[in-house]
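Below: the structure, in structure tokens.
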Amino acid sequence: MLGFLINDQEQKEMEYLIKRELEELLMDMEDHRIDQMVKSAMKERYQTIFNLYRRIASREECMKYMPKRTGGQ
């Protein structure tokens, strides 16, 4: 297990960067021009980044980015 210490300003910056990445992935996953194989990789990346976000954000903020369940999950 790895760990590191960050101050409040660094935490806010990390939250901002992660939220931007999550929003971009959500937008791209809704694009019908993107191949399903690519979308599958994007979903895995989203889950990894969301798990990181859960460690630094409040429960309320996390609910906004909670991955949607589909029939295959």
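Remember, it's a predicted structure, so these values are computed and weren't measured experimentally. This chain uses plain numbering: 1 for the first residue, then up along the sequence.
Taking CG of Asn51 as the reference point, atom SG of Cys62 lies at 9.5 Å (rounded to 0.5 Å). Atoms CG and CD, on Leu52 and Glu15 in that order, are 10.5 Å from each other to the nearest 0.5 Å.
Nearest approach of Asp28 to Lys39, heavy atoms of both residues: O-CE, 4.3 Å.
The salt bridge (Lys or Arg N to Asp or Glu O under 4.0 Å) check on Glu61 picks up Lys19, Lys64, with sequence neighbours excluded. When the salt bridge (Lys or Arg N to Asp or Glu O under 4.0 Å) test is applied to Asp31, the partners found at least two apart in sequence or on another chain are Arg33. Residues satisfying the salt bridge (Lys or Arg N to Asp or Glu O under 4.0 Å) test with Arg45, not counting sequence neighbours, are Glu21.
Counting only residues at least two apart or in different chains, salt bridge (Lys or Arg N to Asp or Glu O under 4.0 Å) contacts with residues 48-59 are absent. Listed by first and then second residue, the ring pair (Phe, Tyr, Trp, His ring centres under 6.0 Å) pairs involving residues 31-65 are Tyr53-Tyr65 (not counting sequence neighbours). Among residues at least two apart or in separate chains, there is no salt bridge (Lys or Arg N to Asp or Glu O under 4.0 Å) pair with a member in residues 5-14.
In this structure, Met27 stands alone, with no Ile, Leu, Val, Met, Phe, Trp or Tyr side-chain heavy atom under 4.5 Å from its own, directly or through other members. Grouped by direct or indirect side-chain proximity (heavy atoms under 4.5 Å, Ile/Leu/Val/Met/Phe/Trp/Tyr only), Tyr16 sits with Leu17.
Cluster membership for Met66 and Ile49, using ILVMFWY side-chain heavy atoms within less than 4.5 angstrom, is shared.
A side-chain donor-acceptor contact under 3.5 Å links Gln11 to the backbone of Ile56.
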Side chain to side chain contact (heavy atoms under 4.5 Å, CB included) between Leu25 and Lys43, worked out: CA-CA 8 Å; Leu25 283 168; Lys43 286 177 185 176; over 6 Å; no
